[in-house]
2 protein chains.
Amino acid sequence: MQRTPDLESRTVPEDHQDLRLWLRLLTCCNLIEGEIRSRLRTEFETTLPRFDLMAQLLRVPGGMKMSELSQHMMVTNGNITGITDQLEKEGLVERVKVASDRRSSLIRLTTKGKRTFKKMAKLHEEWIRSMFGGLSEQTRSALFEALGELKAMTRPKLSGRS
Amino acid sequence: MQRTPDLESRTVPEDHQDLRLWLRLLTCCNLIEGEIRSRLRTEFETTLPRFDLMAQLLRVPGGMKMSELSQHMMVTNGNITGITDQLEKEGLVERVKVASDRRSSLIRLTTKGKRTFKKMAKLHEEWIRSMFGGLSEQTRSALFEALGELKAMTRPKLSGRS
DNA sequence: TATTGTTATACTCTATAACTATA
DNA sequence: TATAGTTATAGAGTATAACAATA
């Protein structure tokens with residue numbers, strides 16, 4: 001059986017196993033991410049960072065500060081401002097001033113934002129299920145565990161924050 | 001032990017296992033990719049696509065056509081032209097006209113390109129090893145196999161090309 | 001002084017589509 | 001007609017850095 005060309009096919013026999021593993025990981029991720037981005041665009045006219053920001057907000061009804069969002073999404077502060085601006089203009093999120101610190105504000109989903117996001121999230125989860133669903137339960141949990149170890153090793157350790 | 005916030009932390013208990021798996025995969029990939037991009041930039045003033053293109057060329061001394069490169073790198077044709085232009089300007093690759101089809105040309109590494117790339121590849125592989133090296137042999141092969149299954153399911157099937 | 005958030009800027013990466021020159 | 005490659009364009013995504021307001 002012929003293989004379809006991709007990043008991994010650049011490897012040569014003497015390449016180290018870890019390199020092959022990395023290229024395979026990257027290829028998988030790019031394939032799935034590309035598919036999700038494309039569907040978010042065509043079906044909901046939105047983007048992955050916008051979707052992710054709304055997903056973060058959904059689980060915290062009271063809202064989150066910009067700095068919290070930037071930590072969770074692992075991008076710098078200025079980017080969060082831009083995404084929030086867009087979503088606010090469309091009435092999906094709102095900035096709420098807090099009395100305790102007048103520099104910061106809480107960002108939270110509006111009613112419209114919650115409704116809109118839940119609709120998107122439902123389909124999004126179906127897409128994911130259809131992409132991962134072909135794996136056996138055993139394979140999925142092996143993958144989950146292995147990635148957990150990898151993440152723990154790779155990420156910069158911060159001192160305790162949830 | 002507290003967890004560091006990331007994309008995965010947006011999940012709530014009722015979320016499906018596949019969604020958690022996907023977010024964990026995405027987080028791992030982004031962390032590693034970000035690290036590689038950053039090191040390629042600061043240590044070699046280059047980028048991941050440029051590095052990948054050179055990696056593709058190294059294993060085919062005779063050179064590759066633009067269309068082959070675009071298949072392997074899974075991006076559209078115009079992007080390959082741009083990256084090739086940059087690398088050619090720096091004398092790292094060259095376009096070679098072929099007699100059999102005057103529309104196409106072969107791209108291949110120059111001597112300087114080979115030398116430069118080999119130096120980068122050596123360090124690159126050390127970075128990768130240090131990032132994956134903490135995983136047990138068992139975990140690494142489980143990860144490799146699981147990702148292989150996932151890739152086979154996800155990617156669009158093309159009819160036979162190597 | 002340090003932190004929160006904003007603004008401005010610049011660059012990489014990418015897709016799309018129109019174009020040319022061959023085949 | 002179809003293919004190989006180019007060009008132009010637009011937009012996503014990101015980092016950096018200077019800045020204002022507040023702590």
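In what follows, every heavy atom counts, from backbone to side chain, and hydrogens, waters and symmetry copies are set aside. Residue numbers start from 1 in every chain, and the chains themselves are labelled A, B, ... in the order their sequence lines are given, proteins ahead of strands. In this text the structure is predicted, and so the values were computed from the model without any measurement.
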Out of [options], whichever nucleotide has its closest atom nearest the side chain of [X]:
X       : options                : result
A/Thr47 : C/dA15, D/dA12, C/dC13 : D/dA12
B/Val75 : D/dA15, C/dA15, D/dT6  : C/dA15
B/Ser67 : C/dA15, D/dT16, D/dG5  : D/dG5
B/Met66 : D/dT7, C/dG5, D/dG5    : D/dG5
A/Asn77 : D/dT7, C/dG5, D/dT14   : C/dG5

It should be established whether [X] places a side-chain nitrogen or oxygen under 4.0 Å from OP1 or OP2 of nucleotide [N].
X       : N      : result
B/Arg37 : D/dA15 : no
B/Asn79 : C/dA15 : yes
B/Thr76 : C/dA15 : yes

- Task: Please step through side chain to side chain donor-acceptor pair (under 3.5 Å) for the pair B/Thr81 and B/Thr84, ending with a clear verdict.
- Result: CA-CA 5 Å; B/Thr81 298; B/Thr84 302; over 6 Å; no
- Message: Quick check on contacts: within residues 91-109 of chain B, what sits under 4.0 Å from DNA chain C by heavy-atom distance?
- Response: B/Asp101, B/Arg102, B/Arg103
[X] [atom1] to [N] [atom2], straight-line distance once rounded to whole Å:
X       : N      : atom1 : atom2 : value
B/Leu40 : D/dA15 : CG    : P     : 16 Å
A/Arg39 : D/dA12 : CZ    : C1'   : 20 Å
A/Met74 : D/dA15 : CE    : C1'   : 15 Å
A/Gln86 : C/dT6  : CD    : P     : 14 Å
B/Ile83 : C/dT14 : CD1   : P     : 7 Å
B/Met73 : C/dA15 : CE    : C1'   : 15 Å
A/Gln71 : C/dT3  : CD    : P     : 13 Å
B/Asp85 : C/dT12 : CG    : P     : 14 Å

- Item | B/Asn30 and B/Thr27: side chain donor to acceptor below 3.5 Å | no
- Task: Decide whether B/Ser70 and B/Ser67 meet the rule of one side-chain donor and one side-chain acceptor closer than 3.5 Å.
- Result: no
- ring-ring contact (aromatic ring centres under 6.0 Å, His included) against B/Phe51, all qualifying residues, sequence neighbours excluded: B/Phe117, B/His124
- Task: Determine, for B/Phe144 and A/Arg20, whether the Lys NZ or Arg CZ falls below 6.0 Å from the six-membered ring centre while staying within 45 degrees of the axis.
- Result: no
- Message: Quick check on DNA chain C: between A/Arg41 and A/Gly78, whose nearest nucleotide comes earlier from the 5' end?
- Response: A/Gly78
- At under 4.0 Å between heavy atoms, what does B/Leu48 touch on the DNA or RNA strands: base, sugar-phosphate, or nothing? sugar-phosphate
- Query: What's the verdict on side-chain contact (heavy atoms from CB on, under 4.5 Å) for B/Arg41 and B/Thr47, showing C-alpha distance, side-chain angles and the deciding distance?
  - Reply: CA-CA 6 Å; B/Arg41 192 177 60 248; B/Thr47 64; over 6 Å; no
- Message: Filter on salt bridge (charged side-chain N to carboxylate O under 4.0 Å, His left out), then keep only pairs touching residues 44-53 of chain A, sequence neighbours left out; what's left?
- Response: A/Arg50-A/Glu90, A/Asp52-B/Arg10
- Is atom CD of A/Gln138 surrounded by more than 12 heavy atoms (other residues, nucleotides or ligands) closer than 6.0 Å? no
